[in-house]
Amino acid sequence: MPYYVTTPIYYVNAEPHLGHAYSTIATDVLARHMRQRGEDVFFLTGTDEHGEPVAQVAERLGVTPRELADRNSERFRDLVRRVDATSDFFIRTSDPEHVAAVQEVLGRVYDKGHVYSGTYEGFYCPRCADFKTDAELLEGDRCPIHKVVLEREREDNWFFRLSAFQEPLERLFAERPDFVLPAGRYNEALAFIRGGLNDISLTRSRISWGVPVPWDDRQVFYVWFDALLNYYTALTYARPENLVPRFWPPTVHVMGKDILKFHSVFWPALLMAAGIELPRRLFVHGYLLMDGEKMSKSLGNVIDPFEVIDLYGTDALRYYLMREVSLGQDGSVSPEGFETRYTTELANEYGNLASRTLAMIARFREGRVPGAEPAEELRPELDGLQERVAARFDAVEVSAALEDVWVAVRRLNRYVQDEEPWRLAKDPASAGHLDQVLYSLVEGLRVVSILLAPFVPAASERLLAALGSEERGLEAARFGAGSGGATISSLAPLFPRIERPAASPVV
Ligand code: ME8
(Lines give C-alpha, C1' and ligand atoms only; values in the text may rest on other atoms or scores of the structure.)
Protein backbone atom coordinates (compact mmCIF):
# COMPACT_ATOMS: atom_id res chain seq x y z
CA MET A 1 0.00 0.00 0.00
CA PRO A 2 1.27 3.52 -0.70
CA TYR A 3 1.99 5.51 2.44
CA TYR A 4 2.78 9.16 1.83
CA VAL A 5 3.81 11.10 4.93
CA THR A 6 5.00 14.69 5.30
CA THR A 7 6.46 17.15 7.79
CA PRO A 8 5.65 20.84 7.61
CA ILE A 9 8.17 22.67 5.48
CA TYR A 10 10.11 24.93 7.79
CA TYR A 11 10.71 28.64 7.40
CA VAL A 12 14.25 29.58 6.55
CA ASN A 13 14.06 32.82 8.53
CA ALA A 14 15.87 31.11 11.40
CA GLU A 15 17.92 28.04 12.15
CA PRO A 16 16.29 24.81 13.21
CA HIS A 17 15.53 24.20 16.87
CA LEU A 18 14.33 21.22 18.87
CA GLY A 19 10.68 21.84 17.92
CA HIS A 20 11.50 21.28 14.26
CA ALA A 21 13.49 18.18 15.15
CA TYR A 22 10.43 16.89 17.01
CA SER A 23 8.13 16.98 13.97
CA THR A 24 10.78 15.51 11.71
CA ILE A 25 11.58 12.68 14.13
CA ALA A 26 7.90 11.85 14.70
CA THR A 27 7.34 11.68 10.95
CA ASP A 28 10.43 9.55 10.49
CA VAL A 29 9.24 7.12 13.16
CA LEU A 30 6.00 6.67 11.20
CA ALA A 31 7.87 6.23 7.91
CA ARG A 32 10.30 3.67 9.34
CA HIS A 33 7.54 1.67 10.98
CA MET A 34 5.53 1.55 7.75
CA ARG A 35 8.58 0.41 5.80
CA GLN A 36 9.00 -2.41 8.33
CA ARG A 37 5.48 -3.44 7.40
CA GLY A 38 6.45 -3.55 3.74
CA GLU A 39 4.39 -0.50 2.73
CA ASP A 40 5.40 1.65 -0.23
CA VAL A 41 6.53 4.74 1.71
CA PHE A 42 7.30 8.24 0.51
CA PHE A 43 8.47 10.67 3.17
CA LEU A 44 8.68 14.35 2.30
CA THR A 45 10.26 17.24 4.18
CA GLY A 46 11.85 20.53 3.19
CA THR A 47 11.91 24.30 3.57
CA ASP A 48 9.42 27.11 3.06
CA GLU A 49 11.42 29.95 1.59
CA HIS A 50 9.18 32.73 0.31
CA GLY A 51 7.21 35.53 1.88
CA GLU A 52 7.60 38.24 4.42
CA PRO A 53 9.00 36.25 7.36
CA VAL A 54 12.05 35.46 5.25
CA ALA A 55 12.31 38.75 3.34
CA GLN A 56 12.23 40.75 6.58
CA VAL A 57 14.95 38.80 8.34
CA ALA A 58 17.13 38.89 5.23
CA GLU A 59 16.82 42.65 5.12
CA ARG A 60 17.75 42.94 8.77
CA LEU A 61 20.83 40.79 8.22
CA GLY A 62 21.81 42.66 5.07
CA VAL A 63 21.65 39.61 2.79
CA THR A 64 19.32 38.74 -0.06
CA PRO A 65 16.38 36.47 0.70
CA ARG A 66 17.97 33.85 -1.52
CA GLU A 67 21.23 33.93 0.40
CA LEU A 68 19.38 33.54 3.68
CA ALA A 69 17.27 30.74 2.22
CA ASP A 70 20.33 28.90 0.90
CA ARG A 71 22.12 29.15 4.22
CA ASN A 72 19.26 28.04 6.46
CA SER A 73 17.84 25.47 4.10
CA GLU A 74 21.22 23.75 4.32
CA ARG A 75 20.89 23.76 8.13
CA PHE A 76 17.52 22.05 7.91
CA ARG A 77 18.98 19.52 5.51
CA ASP A 78 21.74 18.89 8.06
CA LEU A 79 19.11 18.40 10.73
CA VAL A 80 17.45 15.70 8.63
CA ARG A 81 20.78 13.88 8.39
CA ARG A 82 21.73 14.34 12.03
CA VAL A 83 18.42 13.07 13.41
CA ASP A 84 18.69 10.08 11.06
CA ALA A 85 15.49 10.91 9.24
CA THR A 86 14.96 8.75 6.17
CA SER A 87 13.18 11.29 4.00
CA ASP A 88 12.83 10.48 0.32
CA PHE A 89 12.97 14.06 -0.89
CA PHE A 90 13.80 17.49 0.45
CA ILE A 91 11.74 20.17 -1.24
CA ARG A 92 12.70 23.83 -1.37
CA THR A 93 9.89 26.14 -2.40
CA SER A 94 12.43 28.17 -4.35
CA ASP A 95 12.94 25.17 -6.66
CA PRO A 96 11.93 26.29 -10.17
CA GLU A 97 9.89 23.11 -10.63
CA HIS A 98 7.86 23.92 -7.51
CA VAL A 99 7.30 27.50 -8.68
CA ALA A 100 6.05 26.33 -12.08
CA ALA A 101 3.74 23.73 -10.55
CA VAL A 102 2.27 26.26 -8.09
CA GLN A 103 1.53 28.59 -11.01
CA GLU A 104 -0.13 25.78 -12.89
CA VAL A 105 -2.38 24.67 -10.01
CA LEU A 106 -3.33 28.18 -8.88
CA GLY A 107 -3.88 29.16 -12.52
CA ARG A 108 -6.41 26.36 -12.65
CA VAL A 109 -8.11 27.68 -9.50
CA TYR A 110 -8.31 31.10 -11.19
CA ASP A 111 -9.66 29.65 -14.43
CA LYS A 112 -12.40 27.85 -12.52
CA GLY A 113 -13.64 31.16 -11.12
CA HIS A 114 -12.58 30.80 -7.48
CA VAL A 115 -10.52 34.01 -7.55
CA TYR A 116 -11.54 37.69 -7.81
CA SER A 117 -9.83 41.03 -7.34
CA GLY A 118 -10.56 43.18 -4.31
CA THR A 119 -9.07 45.40 -1.66
CA TYR A 120 -7.74 44.02 1.57
CA GLU A 121 -7.92 46.09 4.68
CA GLY A 122 -6.98 44.82 8.12
CA PHE A 123 -4.23 43.76 10.45
CA TYR A 124 -1.44 41.56 9.19
CA CYS A 125 1.43 40.01 11.14
CA PRO A 126 4.51 39.66 8.93
CA ARG A 127 6.10 37.21 11.36
CA CYS A 128 3.12 34.84 11.17
CA ALA A 129 2.53 35.67 7.52
CA ASP A 130 -1.11 35.69 8.55
CA PHE A 131 -4.00 38.11 8.79
CA LYS A 132 -5.59 38.66 12.17
CA THR A 133 -9.24 39.26 12.88
CA ASP A 134 -10.08 42.00 15.37
CA ALA A 135 -11.19 39.36 17.85
CA GLU A 136 -7.79 37.67 17.79
CA LEU A 137 -5.75 40.79 18.52
CA LEU A 138 -4.22 41.44 21.91
CA GLU A 139 -4.86 44.90 23.31
CA GLY A 140 -6.49 45.97 20.07
CA ASP A 141 -3.44 45.91 17.81
CA ARG A 142 -0.94 43.27 18.89
CA CYS A 143 -0.23 39.86 17.36
CA PRO A 144 -1.50 37.21 19.82
CA ILE A 145 1.53 35.01 19.07
CA HIS A 146 4.40 37.42 18.57
CA LYS A 147 3.04 40.22 20.77
CA VAL A 148 4.34 42.87 18.34
CA VAL A 149 2.23 45.89 17.41
CA LEU A 150 0.61 45.40 14.00
CA GLU A 151 -0.27 47.99 11.40
CA ARG A 152 -3.48 48.26 9.47
CA GLU A 153 -2.88 47.52 5.84
CA ARG A 154 -4.74 48.28 2.68
CA GLU A 155 -3.81 46.84 -0.66
CA ASP A 156 -5.30 45.53 -3.88
CA ASN A 157 -5.16 41.75 -3.90
CA TRP A 158 -6.58 38.75 -5.60
CA PHE A 159 -8.94 36.93 -3.27
CA PHE A 160 -9.68 33.24 -2.92
CA ARG A 161 -13.37 32.54 -2.47
CA LEU A 162 -12.94 30.54 0.75
CA SER A 163 -16.49 31.37 1.84
CA ALA A 164 -17.83 29.24 -1.02
CA PHE A 165 -16.26 26.17 0.65
CA GLN A 166 -17.97 26.52 3.98
CA GLU A 167 -20.60 23.92 3.24
CA PRO A 168 -18.25 21.44 1.45
CA LEU A 169 -15.83 21.67 4.38
CA GLU A 170 -18.58 21.03 6.92
CA ARG A 171 -19.58 18.00 4.87
CA LEU A 172 -15.97 16.79 4.74
CA PHE A 173 -15.73 16.97 8.53
CA ALA A 174 -19.08 15.23 8.96
CA GLU A 175 -18.08 12.40 6.64
CA ARG A 176 -14.57 11.93 7.93
CA PRO A 177 -14.35 12.12 11.72
CA ASP A 178 -10.70 11.05 11.54
CA PHE A 179 -9.69 13.70 9.00
CA VAL A 180 -7.96 15.58 11.81
CA LEU A 181 -6.41 13.80 14.80
CA PRO A 182 -6.40 14.02 17.79
CA ALA A 183 -10.13 14.63 18.28
CA GLY A 184 -9.57 17.90 20.15
CA ARG A 185 -7.95 19.39 17.06
CA TYR A 186 -10.75 18.12 14.86
CA ASN A 187 -13.23 19.95 17.09
CA GLU A 188 -11.16 23.10 17.01
CA ALA A 189 -10.98 23.09 13.21
CA LEU A 190 -14.67 22.38 12.86
CA ALA A 191 -15.53 25.20 15.27
CA PHE A 192 -13.44 27.55 13.16
CA ILE A 193 -15.32 26.52 10.02
CA ARG A 194 -18.71 26.77 11.70
CA GLY A 195 -17.77 30.24 12.92
CA GLY A 196 -18.06 31.38 9.29
CA LEU A 197 -15.38 31.59 6.62
CA ASN A 198 -14.35 34.84 4.99
CA ASP A 199 -12.60 35.06 1.64
CA ILE A 200 -8.85 35.44 1.98
CA SER A 201 -6.05 37.14 0.09
CA LEU A 202 -4.43 34.81 -2.36
CA THR A 203 -1.73 37.27 -3.41
CA ARG A 204 0.46 40.04 -2.04
CA SER A 205 1.53 43.13 -3.94
CA ARG A 206 4.07 44.65 -1.60
CA ILE A 207 6.81 42.06 -1.79
CA SER A 208 8.58 40.44 -4.68
CA TRP A 209 10.09 37.41 -2.87
CA GLY A 210 7.47 34.88 -3.87
CA VAL A 211 5.91 32.94 -6.72
CA PRO A 212 4.78 35.39 -9.43
CA VAL A 213 1.06 35.37 -10.21
CA PRO A 214 0.82 34.28 -13.85
CA TRP A 215 -2.17 36.52 -14.65
CA ASP A 216 -0.87 39.63 -12.82
CA ASP A 217 2.85 40.42 -12.87
CA ARG A 218 2.60 42.97 -10.04
CA GLN A 219 1.72 40.33 -7.50
CA VAL A 220 3.15 37.19 -5.90
CA PHE A 221 1.15 34.43 -4.24
CA TYR A 222 0.56 34.66 -0.52
CA VAL A 223 3.26 32.41 0.96
CA TRP A 224 0.84 29.98 2.59
CA PHE A 225 -0.72 28.92 -0.71
CA ASP A 226 2.70 28.46 -2.26
CA ALA A 227 3.80 26.50 0.86
CA LEU A 228 0.82 24.17 1.20
CA LEU A 229 1.14 23.14 -2.41
CA ASN A 230 4.61 21.71 -1.71
CA TYR A 231 2.98 18.43 -0.71
CA TYR A 232 1.61 18.11 -4.20
CA THR A 233 4.31 19.71 -6.35
CA ALA A 234 7.12 17.62 -4.80
CA LEU A 235 5.63 14.46 -6.27
CA THR A 236 5.73 15.99 -9.74
CA TYR A 237 9.52 16.38 -9.79
CA ALA A 238 11.12 14.40 -6.93
CA ARG A 239 11.91 11.63 -9.42
CA PRO A 240 12.24 11.53 -13.20
CA GLU A 241 8.79 9.95 -13.32
CA ASN A 242 5.71 11.70 -11.96
CA LEU A 243 4.93 10.20 -8.53
CA VAL A 244 1.45 11.71 -8.22
CA PRO A 245 -0.36 8.60 -9.50
CA ARG A 246 1.63 6.39 -7.14
CA PHE A 247 1.46 8.39 -3.90
CA TRP A 248 -1.31 10.96 -4.04
CA PRO A 249 -3.30 11.57 -1.80
CA PRO A 250 -1.10 11.97 1.29
CA THR A 251 -1.73 9.39 4.01
CA VAL A 252 -0.75 11.67 6.91
CA HIS A 253 0.38 15.27 7.14
CA VAL A 254 2.22 15.71 10.45
CA MET A 255 2.36 19.24 11.92
CA GLY A 256 2.28 21.31 15.07
CA LYS A 257 -0.94 22.86 16.31
CA ASP A 258 0.18 26.38 15.31
CA ILE A 259 -0.60 25.62 11.68
CA LEU A 260 -3.85 23.68 12.11
CA LYS A 261 -6.08 26.29 10.46
CA PHE A 262 -4.02 26.42 7.29
CA HIS A 263 -4.01 22.66 6.90
CA SER A 264 -7.55 21.83 8.02
CA VAL A 265 -9.38 24.72 6.33
CA PHE A 266 -7.38 26.50 3.61
CA TRP A 267 -5.67 23.39 2.29
CA PRO A 268 -8.74 21.20 1.67
CA ALA A 269 -10.62 24.20 0.25
CA LEU A 270 -7.77 24.92 -2.13
CA LEU A 271 -7.61 21.30 -3.27
CA MET A 272 -11.37 21.21 -3.82
CA ALA A 273 -11.07 24.39 -5.88
CA ALA A 274 -8.28 22.85 -7.97
CA GLY A 275 -10.11 19.53 -8.36
CA ILE A 276 -7.43 17.53 -6.53
CA GLU A 277 -8.16 14.68 -4.12
CA LEU A 278 -7.87 15.57 -0.42
CA PRO A 279 -5.31 14.13 2.02
CA ARG A 280 -6.56 11.27 4.15
CA ARG A 281 -5.54 12.61 7.50
CA LEU A 282 -3.83 15.41 9.39
CA PHE A 283 -2.01 14.57 12.56
CA VAL A 284 -1.53 17.56 14.82
CA HIS A 285 1.00 17.37 17.62
CA GLY A 286 1.48 19.72 20.55
CA TYR A 287 4.31 22.00 21.58
CA LEU A 288 7.58 21.32 23.25
CA LEU A 289 7.55 23.65 26.22
CA MET A 290 10.46 25.21 28.06
CA ASP A 291 9.49 26.44 31.51
CA GLY A 292 5.85 26.32 30.51
CA GLU A 293 6.19 28.37 27.29
CA LYS A 294 6.24 27.21 23.70
CA MET A 295 9.79 26.74 22.55
CA SER A 296 10.22 29.25 19.75
CA LYS A 297 12.82 31.39 18.14
CA SER A 298 10.87 34.56 18.78
CA LEU A 299 10.72 33.85 22.52
CA GLY A 300 14.42 32.92 22.51
CA ASN A 301 13.96 29.77 24.64
CA VAL A 302 15.20 27.25 22.12
CA ILE A 303 17.40 24.18 22.48
CA ASP A 304 19.85 23.45 19.69
CA PRO A 305 19.28 19.85 18.54
CA PHE A 306 22.78 19.64 17.08
CA GLU A 307 24.32 20.21 20.51
CA VAL A 308 22.16 17.56 22.15
CA ILE A 309 23.14 15.08 19.45
CA ASP A 310 26.84 15.89 19.80
CA LEU A 311 26.64 15.07 23.47
CA TYR A 312 24.20 12.16 23.73
CA GLY A 313 23.75 10.82 20.23
CA THR A 314 20.86 10.73 17.82
CA ASP A 315 19.02 7.72 19.23
CA ALA A 316 18.92 9.25 22.68
CA LEU A 317 17.35 12.44 21.35
CA ARG A 318 14.82 10.55 19.24
CA TYR A 319 13.85 8.35 22.16
CA TYR A 320 13.57 11.18 24.64
CA LEU A 321 11.35 13.33 22.44
CA MET A 322 8.96 10.53 21.50
CA ARG A 323 8.72 9.34 25.10
CA GLU A 324 8.64 12.57 27.05
CA VAL A 325 6.24 14.62 24.93
CA SER A 326 3.35 12.33 24.13
CA LEU A 327 2.62 12.91 20.45
CA GLY A 328 -0.54 14.98 20.29
CA GLN A 329 -0.06 16.79 23.59
CA ASP A 330 2.12 19.61 24.85
CA GLY A 331 5.00 18.59 27.06
CA SER A 332 7.91 20.11 28.89
CA VAL A 333 11.46 19.20 28.09
CA SER A 334 14.34 19.73 30.48
CA PRO A 335 17.93 18.62 30.90
CA GLU A 336 17.04 16.76 34.11
CA GLY A 337 14.26 14.83 32.39
CA PHE A 338 16.57 13.99 29.54
CA GLU A 339 19.33 12.68 31.76
CA THR A 340 16.95 10.63 33.87
CA ARG A 341 15.45 8.87 30.90
CA TYR A 342 18.84 8.37 29.32
CA THR A 343 20.26 6.72 32.40
CA THR A 344 17.33 4.77 33.79
CA GLU A 345 15.62 3.70 30.60
CA LEU A 346 18.08 3.62 27.73
CA ALA A 347 21.30 2.81 29.57
CA ASN A 348 19.93 0.63 32.38
CA GLU A 349 16.70 -0.96 31.27
CA TYR A 350 17.53 -1.55 27.61
CA GLY A 351 21.34 -1.26 27.32
CA ASN A 352 22.17 -3.26 30.44
CA LEU A 353 19.62 -5.93 29.67
CA ALA A 354 21.32 -6.37 26.31
CA SER A 355 24.87 -6.51 27.71
CA ARG A 356 23.93 -8.86 30.52
CA THR A 357 22.15 -11.22 28.18
CA LEU A 358 25.03 -11.29 25.73
CA ALA A 359 27.55 -11.76 28.55
CA MET A 360 25.62 -14.70 30.00
CA ILE A 361 25.36 -16.41 26.63
CA ALA A 362 29.09 -15.94 26.09
CA ARG A 363 29.87 -17.30 29.52
CA PHE A 364 27.36 -20.09 30.01
CA ARG A 365 26.75 -21.24 26.42
CA GLU A 366 30.02 -20.43 24.65
CA GLY A 367 28.45 -17.67 22.62
CA ARG A 368 25.68 -19.70 21.01
CA VAL A 369 22.01 -18.94 21.59
CA PRO A 370 20.43 -22.15 22.92
CA GLY A 371 17.28 -23.50 21.31
CA ALA A 372 14.27 -23.79 23.67
CA GLU A 373 10.59 -23.03 24.10
CA PRO A 374 9.79 -19.41 24.94
CA ALA A 375 8.91 -18.85 28.61
CA GLU A 376 5.18 -18.94 29.31
CA GLU A 377 5.36 -16.21 31.91
CA LEU A 378 6.58 -13.69 29.31
CA ARG A 379 3.73 -14.32 26.91
CA PRO A 380 1.24 -11.77 28.27
CA GLU A 381 3.59 -8.88 27.47
CA LEU A 382 5.34 -10.31 24.40
CA ASP A 383 2.78 -12.35 22.48
CA GLY A 384 0.99 -10.23 19.92
CA LEU A 385 3.07 -7.19 20.80
CA GLN A 386 3.79 -6.44 17.14
CA GLU A 387 0.07 -6.35 16.35
CA ARG A 388 -0.63 -4.03 19.25
CA VAL A 389 2.17 -1.74 18.17
CA ALA A 390 0.97 -1.76 14.55
CA ALA A 391 -2.55 -0.84 15.67
CA ARG A 392 -1.11 2.05 17.65
CA PHE A 393 0.71 3.28 14.58
CA ASP A 394 -2.44 3.03 12.49
CA ALA A 395 -4.04 5.47 14.93
CA VAL A 396 -0.83 7.61 14.95
CA GLU A 397 -0.42 6.85 18.65
CA VAL A 398 3.32 6.91 18.46
CA SER A 399 4.14 7.52 22.10
CA ALA A 400 1.66 4.85 23.19
CA ALA A 401 3.37 2.39 20.83
CA LEU A 402 6.68 3.16 22.50
CA GLU A 403 5.12 2.71 25.92
CA ASP A 404 3.79 -0.73 24.93
CA VAL A 405 7.27 -1.81 23.90
CA TRP A 406 8.77 -0.41 27.05
CA VAL A 407 6.39 -2.41 29.21
CA ALA A 408 7.94 -5.48 27.57
CA VAL A 409 11.48 -4.18 28.18
CA ARG A 410 10.67 -3.79 31.87
CA ARG A 411 9.08 -7.23 31.99
CA LEU A 412 12.28 -8.75 30.62
CA ASN A 413 14.30 -7.01 33.31
CA ARG A 414 12.02 -8.45 35.98
CA TYR A 415 12.35 -11.86 34.38
CA VAL A 416 16.15 -11.78 34.77
CA GLN A 417 15.80 -10.83 38.43
CA ASP A 418 13.21 -13.54 39.07
CA GLU A 419 15.07 -16.35 37.30
CA GLU A 420 18.60 -15.48 38.43
CA PRO A 421 20.30 -17.28 35.53
CA TRP A 422 23.70 -16.96 37.23
CA ARG A 423 22.38 -19.29 39.94
CA LEU A 424 20.88 -21.72 37.48
CA ALA A 425 24.31 -21.90 35.82
CA LYS A 426 25.80 -23.34 38.98
CA ASP A 427 23.51 -26.34 38.96
CA PRO A 428 23.92 -28.83 36.09
CA ALA A 429 20.38 -30.12 36.75
CA SER A 430 19.03 -26.70 35.73
CA ALA A 431 20.70 -26.69 32.30
CA GLY A 432 17.40 -27.05 30.44
CA HIS A 433 15.83 -24.27 32.45
CA LEU A 434 18.84 -22.03 31.84
CA ASP A 435 18.54 -22.71 28.11
CA GLN A 436 14.97 -21.54 28.24
CA VAL A 437 15.79 -18.40 30.20
CA LEU A 438 18.60 -17.39 27.86
CA TYR A 439 16.61 -18.21 24.76
CA SER A 440 13.62 -16.23 26.06
CA LEU A 441 15.77 -13.23 26.84
CA VAL A 442 17.27 -13.27 23.35
CA GLU A 443 13.81 -13.63 21.86
CA GLY A 444 12.47 -10.81 24.00
CA LEU A 445 15.38 -8.56 23.06
CA ARG A 446 14.99 -9.46 19.41
CA VAL A 447 11.27 -8.63 19.42
CA VAL A 448 11.59 -5.35 21.28
CA SER A 449 14.58 -4.30 19.18
CA ILE A 450 12.70 -4.78 15.92
CA LEU A 451 9.82 -2.77 17.35
CA LEU A 452 12.18 -0.11 18.67
CA ALA A 453 14.01 0.25 15.36
CA PRO A 454 11.85 3.21 14.21
CA PHE A 455 12.67 5.04 17.46
CA VAL A 456 16.34 4.13 18.09
CA PRO A 457 17.48 2.84 14.70
CA ALA A 458 21.23 2.71 15.35
CA ALA A 459 21.07 0.99 18.76
CA SER A 460 18.46 -1.46 17.54
CA GLU A 461 20.55 -2.39 14.53
CA ARG A 462 23.70 -2.89 16.60
CA LEU A 463 21.93 -5.12 19.07
CA LEU A 464 20.15 -7.22 16.44
CA ALA A 465 23.47 -7.70 14.66
CA ALA A 466 25.16 -8.74 17.92
CA LEU A 467 22.36 -11.27 18.54
CA GLY A 468 23.08 -12.75 15.10
CA SER A 469 19.53 -11.92 14.06
CA GLU A 470 18.91 -11.19 10.42
CA GLU A 471 15.23 -10.34 10.04
CA ARG A 472 14.17 -6.71 10.36
CA GLY A 473 10.57 -6.73 9.13
CA LEU A 474 7.66 -6.36 11.52
CA GLU A 475 6.37 -9.88 10.87
CA ALA A 476 9.63 -11.23 12.32
CA ALA A 477 8.86 -9.56 15.66
CA ARG A 478 7.00 -12.61 16.97
CA PHE A 479 8.05 -13.98 20.33
CA GLY A 480 9.38 -17.49 19.79
CA ALA A 481 9.85 -17.15 16.02
CA GLY A 482 13.64 -17.19 16.40
CA SER A 483 15.16 -20.64 16.26
CA GLY A 484 18.25 -20.45 18.47
CA GLY A 485 21.68 -21.59 17.32
CA ALA A 486 22.92 -18.14 16.27
CA THR A 487 26.39 -17.09 17.29
CA ILE A 488 26.45 -13.84 19.19
CA SER A 489 29.12 -11.21 18.88
CA SER A 490 30.40 -8.64 21.32
CA LEU A 491 28.72 -5.30 21.77
CA ALA A 492 30.05 -2.04 23.18
CA PRO A 493 27.54 -0.42 25.56
CA LEU A 494 24.51 0.79 23.60
CA PHE A 495 24.12 3.90 25.75
CA PRO A 496 27.40 4.60 27.52
CA ARG A 497 27.65 6.83 30.55
CA ILE A 498 28.07 10.43 29.42
CA GLU A 499 30.39 12.83 31.15
CA ARG A 500 28.62 16.12 30.75
CA PRO A 501 31.01 19.08 30.68
CA ALA A 502 30.36 21.43 33.61
CA ALA A 503 29.54 24.34 31.31
CA SER A 504 27.43 22.30 28.97
CA PRO A 505 25.71 24.30 26.24
CA VAL A 506 22.79 21.93 26.47
CA VAL A 507 19.89 23.77 28.07
O1 ME8 B 1 4.97 27.27 10.19
N2 ME8 B 1 7.04 22.31 19.60
O3 ME8 B 1 7.17 26.92 9.57
P4 ME8 B 1 7.94 26.98 10.96
C5 ME8 B 1 6.71 21.41 18.66
N6 ME8 B 1 6.57 27.28 7.07
N7 ME8 B 1 6.84 21.65 17.34
C8 ME8 B 1 7.33 22.83 16.96
C9 ME8 B 1 7.71 23.81 17.90
C10 ME8 B 1 7.54 23.51 19.29
N11 ME8 B 1 7.88 24.34 20.26
N12 ME8 B 1 8.17 24.87 17.22
C13 ME8 B 1 8.09 24.56 15.90
C14 ME8 B 1 5.83 27.12 9.34
N15 ME8 B 1 7.59 23.32 15.74
C16 ME8 B 1 5.45 27.05 7.90
C17 ME8 B 1 4.83 25.68 7.62
S18 ME8 B 1 3.76 23.86 5.98
C19 ME8 B 1 3.05 23.88 4.46
C20 ME8 B 1 4.38 25.48 6.20
C21 ME8 B 1 7.36 22.61 14.48
O22 ME8 B 1 9.38 26.99 10.64
C23 ME8 B 1 5.88 22.25 14.31
O24 ME8 B 1 5.76 21.21 13.39
O25 ME8 B 1 7.39 28.05 11.82
C26 ME8 B 1 5.33 23.51 13.69
O27 ME8 B 1 4.10 23.29 13.04
C28 ME8 B 1 6.45 23.84 12.72
O29 ME8 B 1 7.66 23.47 13.41
C30 ME8 B 1 6.46 25.32 12.33
O31 ME8 B 1 7.63 25.55 11.61
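Counting starts at 1 for both ligands and their atoms, following the listed order.
- Residues passing the ring-ring contact (aromatic ring centres under 6.0 Å, His included) test with Tyr320 are Phe338, sequence neighbours excluded.
- Annotation: ring-ring contact (aromatic ring centres under 6.0 Å, His included) contacts of Tyr4 (sequence neighbours excluded): Phe42.
- For Tyr120, there are no side-chain hydrogen bond (donor to acceptor under 3.5 Å, both in side chains) partners, not counting sequence neighbours.
- When ring centroids are compared, Phe159 and Tyr116 come within the 6.0 Å threshold.
- Enclosure of atom CD in Glu151 is not indicated, since only 12 or fewer non-hydrogen atoms of other residues, nucleotides or ligands lie within 6.0 angstrom.
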Enumerate, one pair per line, all nitrogen or oxygen atoms of ligand 1 lying under 3.5 Å from a protein nitrogen or oxygen, stating the separation to 0.1 Å; write 'none' if no such pair exists.
| unit_1 | atom_1 | unit_2 | atom_2 | d |
| --- | --- | --- | --- | --- |
| ligand 1 | 2 (N) | Leu288 | N | 2.8 |
| ligand 1 | 6 (N) | Ile9 | O | 2.8 |
| ligand 1 | 6 (N) | Asp48 | OD2 | 2.7 |
| ligand 1 | 7 (N) | Gly19 | O | 3.4 |
| ligand 1 | 11 (N) | Leu288 | O | 3.3 |
| ligand 1 | 11 (N) | Met295 | O | 2.8 |
| ligand 1 | 22 (O) | Tyr11 | N | 2.9 |
| ligand 1 | 22 (O) | His20 | NE2 | 3.4 |
| ligand 1 | 24 (O) | Ser23 | OG | 2.5 |
| ligand 1 | 24 (O) | Gly256 | N | 3.2 |
| ligand 1 | 27 (O) | Gly256 | N | 3.0 |
| ligand 1 | 27 (O) | Asp258 | OD1 | 2.8 |

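- In Glu59, the CD atom is not crowded: 12 or fewer heavy atoms of neighbouring residues, nucleotides or ligands sit closer than 6.0 Å.
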